[in-house]
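Reviewing the structure listed below.
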Amino acid sequence: MTQIFLAIIFMINGEPTIMDGWQMREYPTMEICATRQEFMTEYTNGIDNLPEVGVIYCGTVAEIQHQITILNSELL
């Protein structure tokens with residue numbers, strides 16, 4: 001069974017980072033993760049003084065790592 005995670009990747013000092021307290025969370029299905037992703041997008045938009053959100057992403061650990069790689073390459 002494939003593990004699906006929700007990751008919130010912040011941009012801190014120009015680098016993609018998963019902050020303490022915002023670690024990846026596992027969900028049983030992609031559909032449930034996608035629902036949580038929508039909620040977290042709205043939720044993070046409403047928090048003052050939160051670092052820039054690079055991406056909020058549902059996927060496997062490898063897919064999330066790929067998103068981090070993409071964010072890193074966009075900085076070059």
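In what follows, residues are counted from 1 in the order of the sequence shown. Both backbone and side-chain heavy atoms feed into the values below; hydrogens, waters and symmetry mates do not.
Looking at E38, its side chain never comes within 3.5 Å of a backbone N or O of R36 through a donor-acceptor pair. In this structure, E63 contributes its side chain and T60 its backbone to a donor-acceptor pair below 3.5 Å.
Taking 4.5 Å as the limit, every side-chain heavy atom of I4 sits out of range of all side-chain heavy atoms of P28. Q65 is listed as a side-chain neighbour of I68, based on a closest heavy-atom distance under 4.5 Å. T17 places none of its side-chain heavy atoms less than 4.5 Å from the side chain of M11. Considering only heavy atoms from C-beta on, T69 stays 4.5 Å or farther from L71 through its side chain.
The distance from the CD atom of E26 to the CE atom of M24 is 9.0 Å, given to the nearest 0.5 Å. From I32, atom CD1 reaches atom CG of L6 across 12.0 Å, with rounding to the nearest 0.5 Å. Annotation: the span from M30 atom CE to T35 atom OG1 amounts to 11.5 Å, rounded to 0.5 Å.
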Sequence neighbours excluded and cut-off under 3.5 Å, please list the side-chain donor-acceptor pairs for residues 45-58, or say none.
unit_1: N45; atom_1: ND2; unit_2: T41; atom_2: O; d: 3.1

For I8 and M40: C-alpha separation, side-chain torsions, deciding distance, then whether side-chain contact (heavy atoms from CB on, under 4.5 Å) applies. CA-CA 8 Å; I8 303 170; M40 289 307 296; 3.4 Å; yes
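Taking F10 as the reference, W22 meet the ring-ring contact (aromatic ring centres under 6.0 Å, His included) condition, with sequence neighbours excluded.
Residue I9 is not grouped with residue M19 when hydrophobic side chains (ILVMFWY) are merged at heavy-atom distances under 4.5 angstrom, including chains of intermediate members.
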